[in-house]
Each structure stands twice: as C-alpha cells, then as structure tokens.
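Below: the structure, in structure tokens.
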There are 2 protein chains.
Amino acid sequence: MIKRSYHQYCALAKALDVVGERWTLLILRELITGPKRYKDLVGALPGMGTNLLATRLKELEESRLLERRPLSTHAGVFVYQLAYRGKKLGPALQELARWGFALLGQAEHDETFRPHWAISFLYGAFDAKAAEGLNETYQFIVGPETIQIQVHGKKMNVLQEAAPKPDLTFTLEEQTLIEIIGRQLTFSAALDRKKIQTIGDTPVLQHFFKIFGTRPGEEKNSWVTLG
Amino acid sequence: MIKRSYHQYCALAKALDVVGERWTLLILRELITGPKRYKDLVGALPGMGTNLLATRLKELEESRLLERRPLSTHAGVFVYQLAYRGKKLGPALQELARWGFALLGQAEHDETFRPHWAISFLYGAFDAKAAEGLNETYQFIVGPETIQIQVHGKKMNVLQEAAPKPDLTFTLEEQTLIEIIGRQLTFSAALDRKKIQTIGDTPVLQHFFKIFGTRPGEEKNSWVTLG
DNA sequence: CCGCATCCTCGGCGATACTG
DNA sequence: CAGTATCGCCGAGGATGCGG
C-alpha cells in the first residue's frame, strides 16, 4: 500500500502530501485544544467514516505529527496528542483559518458546531499589532467546554491545559457564541444583556476588545504585487 | 451537482471547503508568479487530468479566487490570474510551505521540478527578523524562468512582473538550484565554483545571506503550550 | 461500551482519446 | 491550444461486526 503523492520537489507539495488529504487538518484542529480520545474525534467529525479516521490517525502517527498514548486512568483507553511536528503546523492552520474567517456567514441549519471551533474564529479576529507588549490569558467557558488562549508578543497561543489563573474569564452559552460569530449579536451587546458573565479587571477586558474587537474587512494586501 | 462540504461552522473547515480538495492549492501556487495559460498549468501539474484542471479552474473562478481573462495579444487565448481573494491566501500558503520545507530531502528521480517552486523553498528559509528594516528586490534567472522576490518590512513578497531594477540578480542552472535545495551544495560553494553568476553590490549580497542563509532546524515552538 | 476492522457502494480522481 | 468526453480505479462514506 503505497501512499499517494504529488511527486513534486516543492515544499508546498510535500506539505500537502502529508496533510493535504481529506479530514487530516480537521483532525489536527481537534488536537490543538489538547489530547483527545477516539470517541471524541468521532463526535467532533460527523460525516467521517470511523475506518477512515482510524487510517488517518495511523498515517499521522507514522508521519510523526501525533502520538498515541495510553490513558493512565483507564486501562485500554488511548489518547491522541500532537507531537512536535504537528504542533509546528500551528501557524499554517492559523493562517488558513484566518482566511476562512471571511467565508463565515451565519450558521446554517445543517452545520455542526463545537465551542472550541471558535478558536479558528479568534484566529481570524486576532490583531497582532494590538497584542504587542501584552501577556494575558483569556478563558472561555461555553457549556461543558473550556477554552483558554494566551496572547503574548504578537502571537496567540492555545493553552492545552487549564491556566492556573486566567486574567479574564467569560462564561456563555453555545447559542450566544454562535450568534456572535454570525454577527447577529455583538460581544458588547451580549455583555450588556448579561448573556456573558465576566470575571476579570476592566483594563484587561479593554485589552481583549482591542485585540479581538475589530473585524478586519477587505483591506489591501500586497503579498503579491502586480509589478 | 452540489459541492462537497464538511458542513461545519468553523473558519478552518470553511477554508478547506474551498481550497482543501486535491490540486487546488497547487493551482494557486502556480499563479503566485503571475497569470498563466491553461497549457502552462497542464505542464506544471503532471499527473492531473485535464478534465479535473478545467473543473477546478471553474470552481476557483466561481469562488472568486481567480479570474479568467482574455490575453490581448492572442485572440481566443485566456490567462488565469489570482483575484483579490486568491491573493489573500498568500500567508497560508507561505506557512504551509514553511512547514513542508522540513520535509524536503534530496530530489527523487520520479519527482518533477520547476524553478519557480523554489519560492516555496525560500518561504521556508526566510528569516523575518533578519529582514527587518530592509527593502530589497532579488532576482533569480534559472534557465528560461525568472523569479523575483521582494523583502520588505519582515515580509517576503513575490513579484509578478519584472522589477525595473532588482538589487541583486542571480543566474544559475536548474540543476544547481536542485542541488542547493537538496543540501548537496551550499549557496556559497556554488558561488565559489562559478555555478552562480551574481550582479549586485556586496552589502546587498550579505543581506541576502543574512535573510536566507540559515537553515532553521528543529527549534522550539510554543504555539501550543502544554500547560 | 470503546476502539477499531471488514464489507460494500458510490463518487472523485487519473489517464487518454476526442473535438472546436 | 483549450478544453470536453469516456472509462477504469481507488479513496471516501456508511453500516455492521468483533475483540478487549
């Protein structure tokens, strides 16, 4: 069983040989928020056949993007976690999500949603310049899920485990989060209407607004110049 | 004919709905260096069925990532060029290539190569910090192909058309380029052995070495933190 | 029940021939 | 030259089975 390849001596093609096939990047997205069990992945990837998931996990382990580790608390149970090479894909995922951010309209009825996918939304809203000089941790509690991100030195990181003391904690319902992403509700309005409970100091909240508050529109981009 | 989708309300999944299918990102890679004709794309994408190429081009035009434009000089001939939305994918392609850079070994015999693919290699070698404060244009003439890149403000851009006066021009054979990428030959050694002809001032050449000279190894990366 | 493996069907993909 | 048509194959998706 030889793996399909583009057979091109090109860094981009090589990357796509490893992570370019269907579902692969979404599996890695799931692991950004920490190690996950097989059943968690099945639950977060509706439409994906379980056989295909098992195959992809094996491929990703062979490619050394992730590791399969026995869960100490439950015998016979395993978790999948990002290995070094998988973690290094972060900037690429971040930029892809940043681009896809512009394609996000309102949620359709046939679309699934998981609170931690809001991270890809935050990647899009993140303003690196506004984050300069700050070093803060933000926590989101959305139903059963807790997400933590750290803003530090123009970078935004996802924390895999609970920070000892986040600078800011938001508690909100999943539906509220969906409405904010879909622009039916602004973050400020949700705060005003008590749909978000906040723990943290006012200046930190102002930092958060500065960093994630503005929706980047279609601004000029010059990575390719027309001469 | 309804398009396949992940049906997830997630920025990354939305991005992959548009550019996640086979060959799509490689088509866009081809257009980074400027508008291309259908035959150019066929030539640069061996293994891809021409029917599939035509389908992808239509999809990408509908998604407004590229535009099909009649070539003024030849009646009935069209070129495909990146549209605004396609250009905005640049940072994502750059980060993906940067990641794939580590997977580049020596060229295999069954691998194809085109000189402009070296851009994805340069993405990987690019040191943003070393580029700070500079604004220079480098030109590579490799056989029939000419590639131009601009380094400006911690960013590396690809120029689609000839810069009026590049600060530095390298002329080399395709085989030399392949050997440099495969680490069988260092850039310096190639210069010493007259395998690369250079036009430009010495300080500019030193800048170039500073920006692209060091091969980033497996350095620590903390975009995901373990707690 | 969880973590896969097997089976089967269908559609996307790859190669080539064909047409304006 | 720029696509379109055709066909065979394999990867993807869904259901089910099975061992720990």
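Each chain gets a letter, A, B and so on, in the order the sequences are listed, and its residues count up from 1. Fair warning: this is a prediction, and the values are worked out from it, not measured in the lab.
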Practice problem: Taking side-chain hydrogen bond (donor to acceptor under 3.5 Å, both in side chains) as the test, write out the residues that go with B/W117, two or more places apart. | Solution: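 Listed in chain order: B/E30.
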Practice problem: Compare side-chain N and O positions of A/R56 against OP1 and OP2 of D/dG13 and report whether any pair is under 4.0 Å apart. | Solution: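 For D/dG13, neither OP1 nor OP2 has a side-chain N or O of A/R56 closer than 4.0 Å.
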Exercise. Examine C/dG14: is either OP1 or OP2 under 4.0 Å from a nitrogen or oxygen in the side chain of B/R22? Give yes or no.
Key: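 Yes, such a contact exists.
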Only pairs under 3.5 Å count here: list side-chain donor-acceptor contacts from residues 36-45 of chain A, not counting sequence neighbours, and write none if there are none.
from  : atom 1 : to    : atom 2 : distance (Å)
A/K36 : NZ     : A/T33 : OG1    : 3.3
A/K36 : NZ     : A/G34 : O      : 3.1
A/Y38 : OH     : A/T50 : O      : 2.9
A/D40 : OD2    : A/R37 : N      : 3.1

Among all residues two or more places apart in sequence or in another chain, which pass the salt bridge (Lys or Arg N to Asp or Glu O under 4.0 Å) test with [X]?
X: B/E136; result: none
X: B/R4; result: B/E21
X: B/E61; result: none
X: A/R68; result: none

Quiz prompt | Pairs touching residues 10-33 of chain A that satisfy ring-ring contact (aromatic ring centres under 6.0 Å, His included), sequence neighbours left out | solution =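 Matches after skipping sequence neighbours: A/W23-B/Y6.
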Quiz item: Taking the inter-plane angle between the rings of B/F208 and B/F187 on a 0 to 90° scale, is it parallel (under 30°), tilted (30 to 60°) or perpendicular (over 60°)?
Solution: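 Taking B/F187 first and then B/F208, their aromatic rings sit tilted (interplane angle of 30° to 60°).
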Quiz item: If you find the nucleotide of DNA chain C closest to A/L57 and the one closest to A/Y6, which residue's nucleotide is nearer the 5' end?
Solution: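 The residue whose closest nucleotide sits nearer the 5' end is A/L57.
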Quiz prompt | 5′-ward residue of the pair A/F78/A/R4 relative to DNA chain C | solution =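 First, find each residue's nearest nucleotide; the 5'-ward one identifies A/F78.
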Rounding to a whole Å, what distance do you find between [X]:[atom1] and [N]:[atom2]?
X: B/W23; N: C/dG14; atom1: CH2; atom2: P; answer: 6 Å
X: B/K3; N: D/dA12; atom1: NZ; atom2: P; answer: 16 Å
X: B/E59; N: D/dG3; atom1: CD; atom2: C1'; answer: 15 Å

Quiz item: Of all the choices, D/dT4, C/dC13, C/dA5, which nucleotide is nearest to the side chain of A/K58 once you look at every atom?
Solution: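 Per side-chain heavy atoms of A/K58, the pick is C/dA5.
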Practice problem: Can you see which heavy atom on A/K3 is nearest to which on A/D17, and at what distance? | Solution: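 Minimum heavy-atom separation between A/K3 and A/D17: NZ-O, 2.7 Å.
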Exercise. Please list residues of residues 34-54 of chain A whose heavy atoms come under 4.0 Å from any atom in DNA chain D, ordered by number; otherwise none.
Key: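 Contacts with DNA chain D under 4.0 Å: A/G47, A/N51, A/L52.
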Quiz item: Which of residues 7-21 of chain A sit near DNA chain D, with a heavy atom under 4.0 Å from it?
Solution: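 Nucleic-acid contacts, sorted: A/E21.
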